There are 2 protein chains.
Amino acid sequence: MYSVKSGFIRLYTLLSNGRSQIIGFKSPGDFVALEYDSKHRFSAQAVTATELRSVPTAAFYAAASGDPQFLLKLYKVVCEDLSRAHDLVLTIAKRDAEGSMAAFLLDIDVRAPARSAINDFVSLPMLRGDIADHLGLTNETVSRIFTNFKKRGFIEVRGRHSIRLVNRRGLRAISDRITGDRKSPDLESPQILSPVN
Amino acid sequence: MYSVKSGFIRLYTLLSNGRSQIIGFKSPGDFVALEYDSKHRFSAQAVTATELRSVPTAAFYAAASGDPQFLLKLYKVVCEDLSRAHDLVLTIAKRDAEGSMAAFLLDIDVRAPARSAINDFVSLPMLRGDIADHLGLTNETVSRIFTNFKKRGFIEVRGRHSIRLVNRRGLRAISDRITGDRKSPDLESPQILSPVN
DNA sequence: CGGGTGGTTGAACGCGTTCAAGACATGTGG
DNA sequence: CCACATGTCTTGAACGCGTTCAACCACCCG
């Protein structure tokens, strides 16, 4: 288990054919647990020069078995990761490319740890291809949407790794457009036939 | 927290505009935890008549605080859910419609709790629209792929809710086709500048 | 300056969607 | 038992979004 002190890392799962799927990014202050119950695991790689504080899993589990508070901490990290994974599923499954990008940028903006107070540009250390992989798009599409958002005045870009959200409301409107015609299920209260404690 | 005794339920997240995203299905024998750390939550609905064994969260947390084994149990459930969520991300982001369906059917087949020994038909209680929502497709596409798989001899369908996988190897080949041109990152070993335990 | 990686932009294709109609199954009331 | 209604599933045809292929541009580091 690691704690990111500085820098930026990406988390990904390796596929059988040598490809990868980026499942998330981590900024300073975030916790990363690569193996949870010693079975499930994914990989991490630093995007920029990164400082980590590491906790060996062996020592971790030794501490966890005796200390419920410690285990609870890891538990909450996993819950957070699960919530993020569900959000990602929603993004990829139910949003179009623009919606995915808008949601992604808003998320980056919210999670940005520190930003210069004068101009609220946030750092965007990952490559365009990383974003594309993460959202299930191609880097060409990502690039096109970037320029499109610039033209429409939603964002402002400085260099490759610095961005400012000019019109958050507009981006939120785009990310709220959900494709698909599925109506949410009718919530009829269940009929409890034989209640067992 | 619930344990499914019989029946079939679907898990989904509600969206702001009244839509939903199905994030998974649960069969008899599975555990379901709707709220993990009392903040994150999603919803569940029975697809067929279902029997549950329920554990009130209050009682659960009371037991968990004193019993690390109990907390560890819930922890493993979350880990399993997280793993499944990552698989779903991979499916939606990196597979085409056929690949998604193949992966889904193989997963259903593997997880099927009990099947008639003579003909290994497995139950498929959910609607076509549920599958479509789950995989980020439309029910038309799901229907088309079903008939296509039938024609190609990959599956055999009886009624609407019973299916048999005839050619698992073929389905696996289809689900292994990954779209996208991203190469996995080169795994250069990190340069440890200042190791801090 | 060159070389290389990453990024942008353009044009055409194709997969999955959208729209629309029909088939099938199930339940209800006459 | 049939006529009808409702909801699900299937099938067809045309559209459109994002991809694919290809070229060019910008930046970075020697």
Side-chain angles (χ1 to χ4, degrees), chain A residues 8 10 19 22 45 47-49 91-104 124-152 155 157-163 174 177-186 188, chain B residues 10 19 22 47-49 91-104 124-152 155-163 174 177-183 185-186 188:
Chain A
F8 201 79
R10 59 186 174 202
R19 309 291 183 185
I22 294 180
Q45 188 184 37
V47 177
T48 65
T91 291
I92 300 177
K94 292 285 188 298
R95 289 192 236 259
D96 60 1
E98 275 193 1
S100 296
M101 285 293 297
F104 173 76
L124 202 68
M126 75 288 286
L127 305 176
R128 298 285 185 270
D130 288 340
I131 301 174
D133 182 276
H134 182 52
L135 300 176
L137 303 170
T138 61
N139 44 16
E140 291 95 331
T141 302
V142 170
S143 182
R144 270 183 255 271
I145 293 175
F146 261 107
T147 58
N148 183 276
F149 280 177
K150 272 189 284 187
K151 281 178 188 167
R152 291 205 262 167
I155 63 174
V157 177
R158 260 193 338 202
R160 287 179 177 178
H161 301 303
S162 186
I163 190 176
I174 292 177
R177 295 181 320 197
I178 301 290
T179 69
D181 54 356
R182 180 182 176 73
K183 60 186 179 305
S184 61
D186 20 329
E188 47 183 283
Chain B
R10 59 186 174 202
R19 310 290 183 186
I22 294 181
V47 176
T48 65
T91 290
I92 299 177
K94 292 284 187 300
R95 289 191 236 259
D96 60 1
E98 276 193 0
S100 296
M101 285 293 298
F104 173 76
L124 202 70
M126 75 288 287
L127 305 176
R128 298 286 185 271
D130 288 340
I131 301 174
D133 181 276
H134 182 53
L135 299 176
L137 304 170
T138 62
N139 44 16
E140 292 94 330
T141 302
V142 170
S143 182
R144 269 183 256 271
I145 292 175
F146 260 108
T147 58
N148 183 277
F149 280 178
K150 272 189 284 187
K151 281 178 189 168
R152 291 205 262 167
I155 63 174
E156 192 177 338
V157 178
R158 262 192 337 203
R160 286 180 176 178
H161 301 303
S162 185
I163 189 176
I174 293 177
R177 294 182 321 198
I178 301 291
T179 69
D181 53 357
R182 179 182 178 73
K183 60 186 178 303
D186 22 328
E188 48 183 282

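Keep in mind that this is a model prediction, so the values were computed, not measured. Because only heavy atoms are used, hydrogens play no part in the values below, and waters and symmetry mates are left out as well, while side chains stay in. In what follows, chains are A, B, ... by sequence order, proteins preceding strands, each numbered from 1.
The nearest whole Å value for the distance from the NZ atom in A/K94 to the P atom in C/dG16 is 16 Å. Rounded to whole Å, atom P of D/dG12 lies 12 Å from atom CG of B/N148. The separation between B/R177 atom CZ and C/dG14 atom C1' is 14 Å, rounded to whole Å. Nucleotide D/dC9 holds its C1' atom 14 Å from the CD1 atom of B/I163, rounded to whole Å. Atom-to-atom, CD1 of B/I145 to P of D/dC9 comes out at 15 Å; the value is rounded to the nearest Å. Per the geometry, CG belonging to A/L135 stands 16 Å off C1' belonging to D/dC17, to the nearest Å. In this structure, B/R158 places its CZ atom 18 Å from C1' of C/dA25, rounding to the nearest Å. If you take CD of A/E98 and C1' of D/dC17, they are 11 Å apart, rounded to a whole angstrom.
Atom CG of A/L124 and atom CG of A/D130 lie 10.0 Å apart (nearest 0.5 Å). Atom-to-atom distance recorded for B/M126:CE and B/F104:CZ is 4.0 Å, nearest 0.5 angstrom. Separation of atoms CZ (A/R10) and OG1 (A/T48) is listed at 10.5 Å; rounding is to 0.5 Å. Here the CG-CD1 distance, from B/D96 to B/I174, works out to 9.0 Å after rounding to the nearest 0.5 Å.
B/R177 approaches B/G99 most closely through the heavy-atom pair NH2-N, 4.4 Å. When every heavy atom of A/R128 is checked against every heavy atom of A/V142, the shortest pair comes out as CD-CG1, 4.0 Å. Shown here for B/H134 and B/I92, the closest heavy-atom pair between the two residues is O-CD1, 3.8 Å.
At a threshold of 4.0 angstrom between heavy atoms, the contacts of B/G159 with the nucleic acid are absent.
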Below 3.5 Å between N/O atoms, which protein atoms pair up with nucleotides 7-9 of chain C? Just atom names and distances, please.
{"unit_1": "C/dG7", "atom_1": "OP1", "unit_2": "A/R128", "atom_2": "N", "d": "3.2"}
{"unit_1": "C/dG7", "atom_1": "OP2", "unit_2": "A/R128", "atom_2": "N", "d": "3.4"}
{"unit_1": "C/dT8", "atom_1": "OP2", "unit_2": "A/R128", "atom_2": "NE", "d": "3.2"}
{"unit_1": "C/dT8", "atom_1": "OP2", "unit_2": "A/S143", "atom_2": "OG", "d": "3.0"}
{"unit_1": "C/dT8", "atom_1": "O5'", "unit_2": "A/S143", "atom_2": "OG", "d": "3.0"}
{"unit_1": "C/dT9", "atom_1": "OP2", "unit_2": "A/T147", "atom_2": "OG1", "d": "3.4"}

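Comparing the local axis fitted to the first five base pairs of the helix from C/dT8-D/dA23 to C/dG30-D/dC1 with the one fitted to its last five gives a bend of 30°, rounded to 10°.
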For a quick test of your reading: what N or O donor-acceptor pairs under 3.5 Å do the side chains of residues 143-150 of chain A make, sequence neighbours left out?
{"unit_1": "A/T147", "atom_1": "OG1", "unit_2": "A/R144", "atom_2": "O", "d": "2.7"}
{"unit_1": "A/N148", "atom_1": "OD1", "unit_2": "A/R152", "atom_2": "NE", "d": "2.9"}
{"unit_1": "A/N148", "atom_1": "OD1", "unit_2": "A/R152", "atom_2": "NH2", "d": "3.3"}

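With B/L137 as reference, B/L135 is the one residue of B/N139, B/L135, B/D133 to meet the side-chain contact (heavy atoms from CB on, under 4.5 Å) rule.
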